[in-house]
K.L.:
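Sharing a structure below in C-alpha cells format, with a few things to ask.
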Amino acid sequence: MILIAPVVIDPLFNTFGPMKDKVLERRILDLASRAGIEGARVFEVDKSADTNTVNAYVTGFGGSKRIVLWDTTIKKLAPDELLFVMSHEMGHYVLGHVVKSIFFFAGLILVTLYAAYRIQAGLIARHGKAFGFTELSDIASLPLVMVLVGVLSFVITPVAAGYSRWQEHEADRFGLEITRNNHAAATAFVKLQQENLGVPRRGLLYKLWRADHPLLGERIDFCNTYRPWEKGTPGRYEHLFKQ
Ligand SMILES: [Zn+2]
C-alpha cells in the first residue's frame with residue numbers, strides 16, 4: 001500500500017502536479033539538494049477543493065517516494081515558513097522514516113499477535129468448557145481473538161504513538177539545523193495551529209494515546225530554543241548536508 005497508494009490511489013481523489021510558483025519551487029529544490037536529495041519529486045495537490053487545513057507529507061517507498069504539498073499550505077504560509085515545513089518533510093525523507101516505520105510497525109504487530117496467541121492459549125486451557133470451544137482453530141474462537149487484539153492494540157498504542165512523535169521531533173530538528181530559521185519555524189506552527197484549529201497544549205493521557213506528533217506548544221518551544229550553532233556545537237544532522 002505504501003508503494004502504490006501515492007501513484008495509484010491518491011490521484012483518484014485529487015490532482016497532483018508540479019508546483020505552480022516556480023520561484024518558490026526553485027528555493028525548495030535548492031534546499032532539497034542541500035539536504036542531499038537530488039531530483040526530488042515535489043508535488044502540489046489541489047487540497048483547497050476539500051479543506052482549508054494545512055499539511056505537507058512524505059510518502060511512498062523506492063520509486064514512488066515523494067514530497068507532497070497541499071496548495072492550502074502554499075497559500076497560507078509565508079515563503080520562509082513554507083521552507084521550514086518542507087525542510088521538516090525532507091528530514092523524514094533523508095532519515096528514511098517511512099522505511100524505518102514499516103520495519104518498526106511490522107515488528108510491533110508481530111509481538112502483539114504473538115502475545116494474543118499466548119494469552120488465548122492460556123484462556124482456552126482454563127475456560128474452554130465455558131467458551132464452548134477447545135481449539136483455537138475452531139471458528140467459534142474468533143470473538144475471543146478480536147477482543148484480545150482490541151485490548152492489546154490499546155495497550156501498545158502509546159508505544160506506536162511515542163515512536164511516531166520521536167520521528168516527528170527529529171524531523172523538526174533536521175529542519176531547524178538546515179534552515180537555522182527558528183522564528184519562521186515557530187510562526188509556521190502557530191499558523192498550523194490556527195488554521196487547523198489545533199489545541200496547542202494537551203493533557204498527558206491525550207499525549208500518550210492520541211498524539212502521533214509532538215504537541216504544537218512543545219514544538220513551538222523547541223523551535224524557539226534549539227540553536228546549537230550559536231554555541232558552536234555541531235548539529236545532529238549537519239554532517240548530512242551538502243555545502
Ligand atoms: Zn512530519
Side-chain angles (χ1 to χ4, degrees), residues 1-2 5-6 10 16 19 28 31-32 34-37 40-45 47 51 53-61 64-74 76-77 80-105 157-182 184-202 206-224 226 235-237 240-241:
M1 282 304 289
I2 290 173
D10 297 345
F16 287 71
M19 279 193 67
I28 290 172
L31 187 69
R34 270 190 65 215
I37 308 171
R41 276 158 300 189
V42 177
F43 286 82
E44 178 176 334
V45 51
K47 266 286 170 180
T51 178
T53 58
V54 168
N55 197 15
Y57 57 91
V58 173
T59 182
F61 173 66
S64 71
K65 197 166 159 185
R66 64 198 49 207
I67 294 174
V68 176
L69 188 55
W70 289 8
D71 60 349
T72 48
T73 316
I74 300 169
K76 288 177 180 171
L77 297 188
D80 279 349
E81 295 166 343
L82 187 74
L83 240 56
F84 169 75
V85 170
M86 293 312 280
S87 67
H88 166 103
E89 302 307 332
M90 287 171 197
H92 285 309
Y93 197 105
V94 172
L95 302 175
H97 282 170
V98 172
V99 171
K100 285 179 186 163
S101 296
I102 293 173
F103 282 103
F104 179 82
F105 289 109
T157 294
V159 178
Y163 180 76
S164 171
R165 281 199 306 276
W166 170 74
Q167 279 195 338
E168 295 300 333
H169 183 65
E170 292 308 304
D172 284 349
R173 187 195 307 279
F174 184 98
L176 287 167
E177 288 182 2
I178 200 166
T179 62
R180 294 192 178 181
N181 195 340
N182 298 70
T187 53
F189 283 125
V190 170
K191 285 192 186 168
L192 224 69
Q193 182 255 319
Q194 287 170 344
E195 294 296 336
N196 296 355
L197 306 178
V199 178
R201 301 192 192 269
R202 310 244 197 190
Y206 180 93
K207 180 176 170 175
L208 288 178
W209 263 272
R210 301 291 300 164
D212 53 7
H213 286 62
L215 303 181
L216 276 166
E218 293 174 1
R219 295 179 92 174
I220 293 168
D221 292 343
F222 184 65
C223 289
N224 283 330
Y226 185 70
R236 191 172 293 175
Y237 301 119
L240 299 169
F241 306 156

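Atoms within a ligand are numbered from 1 in the order they appear, just like the ligands themselves. Just the heavy atoms: all of them, side chains too, but no hydrogens, waters or symmetry mates, feed the values below.
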K.L.:
So, do Asn55 and Lys47 sit near enough that their side-chain heavy atoms are less than 4.5 Å apart?
P.N.:
no
K.L.:
Pick out which of Met19, Glu89, Arg66 makes a side chain to side chain contact (heavy atoms under 4.5 Å, CB included) with Val42.
P.N.:
Met19
K.L.:
Please name the residue in the list Lys207, His213, His169 that meets the side-chain hydrogen bond (donor to acceptor under 3.5 Å, both in side chains) test with Glu218.
P.N.:
Lys207
K.L.:
Aromatic rings Phe84 and Phe189: how do their planes relate, parallel, tilted or perpendicular, breaks at 30° and 60°?
P.N.:
perpendicular
K.L.:
Under the side-chain contact (heavy atoms from CB on, under 4.5 Å) rule, collect the residues that match up with Arg236, sequence neighbours excluded.
P.N.:
Glu170, Arg173, Glu177
K.L.:
At a cut-off of 2.8 Å, list the protein N/O/S atoms near the Zn ion (ligand 1), residue plus atom name.
P.N.:
His88 NE2, His92 NE2, Glu168 OE1
K.L.:
Students often mix this up, so state it plainly: with edges at 30° and 60°, are the rings of Tyr163 and Phe104 parallel, tilted or perpendicular?
P.N.:
parallel
